[in-house]
Amino acid sequence: YTVTWYKGAFNNAQEIDAYVATHLRENIIIDATDSLLVTKSDNLDAVTIRLQYSLCNGDPIDLLDQAHIIWPHPTTISVDTAICQGRSYSDEFVPFADSTGVYDVLIPDFRGCDSIDYRLNLTVLQTDTLLVDTILCAGETLNYAGIQVSEPGVYPVVVKYTNCSCDSLVQIVSLSALEPLNVAIHNDQTQVCADDPVISLSYNVLSGRADKFDFIFDAEALDAGFANLLNQRVENAAEIDIPIMRTGDATFKRPGTYSAMLTFYDKSDCTDQSFDIQFDVLYPSSIIYQRWDDVLSVTGPQVNGGYEFSAYQWLRNGEVSEDATKSYYYAPEKLDLASFYQVLLTDMNGKQIMSCPFTPIPGAAPIGVAPSAVRIGEEVMVTVPQDARVEFYNVSGVKAAETSVSTGSTMVSVPGQAGMYIVRLTMEEGARSYRINVTE
C-alpha cells in the first residue's frame with residue numbers, strides 16, 4: 001500500500017507538507033502486517049489517513065479503508081470549596097490539603113492519555129480573634145453582639161461565615177463591674193450650739209470611688225448665714241466641718257432648724273450618693289446669765305445679739321420645770337451645781353428653739369471678757385471663777401488663738417488681725433462665749 005494524506009484533515013497545503021515532512025515519508029510501501037506510527041503535532045487535533053492500492057501500471061485505486069486519528073483534549077473538572085481554619089480536605093483525587101491554593105491532578109484514561117484535568121480551588125476560612133475589654137457600673141447590663149450579661153466574667157461571642165459553620169470572628173468579651181459608691185455618715189450632730197465653732201460630720205467611703213462632695217443648704221439656712229460647700233475633696237475617712245459663725249457682722253448663725261443635702265459624686269460617673277442632713281442650731285448657753293446662787297435669767301436683746309422672745313419654758317436636766325415660764329428661773333433652795341439648765345425660747349414669730357445647757361457656777365463668781373472693743377496689739381481682761389481655757393475663733397470658725405488662765409482676772413492678748421471674734425471660756429463646770437471686735 002501507498003500511504004497518502006487526505007487534504008481535508010488540514011487547513012492548507014503548507015500544513016500538509018509540513019506534517020508529512022516531519023512525521024511521514026511519502027509513498028511508503030506497506031503490507032498488511034506493517035504498522036504506522038503517527039505523532040501529534042502541536043497545532044493539530046486530528047488527521048485522516050487513507051490507503052491506496054497501486055496497480056501494476058501505476059494507477060492508484062483508493063481503498064475503502066481509512067483511519068481517523070483524533071488526539072483528545074483532557075476534560076477539566078473544577079471544584080471550588082472551603083474549609084474551616086485548622087481542618088483539612090480530601091477526596092478521591094486529592095488525598096490531603098490544608099492550605100489555600102489550587103491543586104491540579106491529571107487523570108489518564110484507559111489508553112494512558114491525560115483525559116481529565118481535576119482542579120481543586122481550596123480556600124481556608126481564617127478565624128479572627130478580637131479581645132474586647134469593657135467596664136460597667138454595678139447593676140448595669142451589657143448588650144453586645146446578641147448577648148446580655150451583667151455579671152463580671154469572660155464571654156466568647158462567635159460570628160459565623162455566611163452559609164457556613166466556620167467561625168469568622170471570635171470576640172472575647174472581658175466584662176468588669178465597678179464597685180457601687182457606698183459612703184457611711186458617722187457621729188452626725190443633730191444639735192449644735194450657736195456658739196460652737198463648727199458642725200462636724202464624719203464620713204467613711206466603704207466602697208467605690210468618691211471624687212468630690214457638695215454640701216448644699218436649704219434656703220432658710222442660707223438666709224441664716226450658712227454658705228454652701230462646693231467641690232470639696234473626698235478622703236477615704238474624713239470629717240466635714242461646717243462653720244457656725246456668720247461671715248458678716250453678726251456673731252452667730254441664727255438659731256433654728258435647718259436642712260442640707262450632702263452629695264458624694266462617683267468618680268466613675270456611675271451612681272452618686274446623697275444624704276439629707278437635718279440639724280438644729282440652739283441658742284448659745286451664754287444667753288442664760290447667772291445672777292445669784294438661786295437665779296438664772298435670759299439676757300436681753302442688747303446683749304444676746306438682738307433676739308427678743310415672747311415665751312419661756314425652763315428645763316432642768318432635760319425635764320420641764322412646772323411654773324418656770326418667765327424670763328428668769330428661781331431656785332428657792334439654790335441652783336444645783338450638779339445639774340444643767342435649759343430654756344425653750346419662743347421668738348416673736350412663734351418659732352421655738354431650745355438653748356444649749358447651762359451649768360451654774362459656785363458662788364456666782366464674776367466671769368466675763370472686757371472690753372468688747374479693742375485694737376490690734378491690745379489686751380482684754382478675762383475673769384473666771386476657776387482655771388479656764390481661752391479660745392479665740394474668727395468669723396469663719398477657725399481658731400485664731402488659744403491660752404490658759406487661772407482663777408481671777410488675767411490680761412490676754414487679742415489676735416493680731418482685725419475682725420469679729422468669739423472668745424470661748426471653757427472651765428470644768430461649763431463654758432461661756434463672748435464677742436469682741438478687734439480693729440486696726
Side-chain angles (χ1 to χ4, degrees), residues 1 3-26 28 30 32-51 63-132 145-147 154-173:
Y1 295 94
V3 178
T4 62
W5 293 101
Y6 175 57
K7 293 184 178 181
F10 297 93
N11 295 325
N12 53 61
Q14 286 77 16
E15 292 182 3
I16 297 174
D17 295 339
Y19 192 85
V20 170
T22 304
H23 300 283
L24 299 173
R25 292 176 294 121
E26 292 187 15
I28 297 175
I30 63 175
T33 61
D34 289 337
S35 62
L36 181 64
L37 177 63
V38 179
T39 304
K40 179 183 179 302
S41 179
D42 291 339
N43 60 347
L44 292 178
D45 294 330
V47 296
T48 300
I49 301 175
R50 67 180 182 177
L51 301 177
L63 300 180
L64 295 176
D65 294 335
Q66 60 182 5
H68 297 282
I69 302 176
I70 300 174
W71 288 276
H73 282 287
T75 300
T76 300
I77 299 176
S78 293
V79 175
D80 295 325
T81 190
I83 59 173
C84 302
Q85 182 179 356
R87 299 181 183 179
S88 63
Y89 175 86
S90 64
D91 59 23
E92 60 179 317
F93 305 118
V94 178
F96 179 83
D98 64 353
S99 59
T100 297
V102 177
Y103 298 81
D104 284 322
V105 180
L106 294 176
I107 304 171
D109 60 10
F110 67 94
R111 295 165 296 186
C113 296
D114 296 334
S115 61
I116 299 176
D117 183 3
Y118 180 82
R119 173 166 291 182
L120 171 65
N121 293 309
L122 181 63
T123 301
V124 177
L125 301 177
Q126 300 295 321
T127 300
D128 293 329
T129 301
L130 176 64
L131 299 179
V132 180
I147 65 171
V154 177
Y155 302 90
V157 179
V158 180
V159 179
K160 301 288 186 180
Y161 280 95
T162 304
N163 300 324
C164 179
S165 63
C166 296
D167 297 342
S168 170
L169 176 65
V170 176
Q171 301 179 76
I172 306 300
V173 180

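On a predicted model such as this, the values are computed, not experimentally measured, just so you know. Scope of the values below: all heavy atoms of this structure, side chains included, with no hydrogens, waters or symmetry mates.
Rounding to the nearest 0.5 Å gives a distance of 6.5 Å between CG of D91 and CG of L120.
At least one side-chain heavy atom of Y118 sits less than 4.5 Å from a side-chain heavy atom of V79.
Shortest non-hydrogen contact noted between D98 and R87 is CB-O, 3.9 Å. The two residues P95 and S90 have their closest heavy-atom pair at O-CB, 2.8 Å. Counting all heavy atoms, side chain and backbone alike, L122 lies closest to S99 at CD2-O, 3.5 Å. Considering every non-hydrogen atom in both V124 and Q85, the closest pair reads CG1-CA, 3.9 Å.
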Between I77 and F93, is the side-chain contact (heavy atoms from CB on, under 4.5 Å) condition met? List the steps. CA-CA 11 Å; I77 299 176; F93 305 118; over 6 Å; no
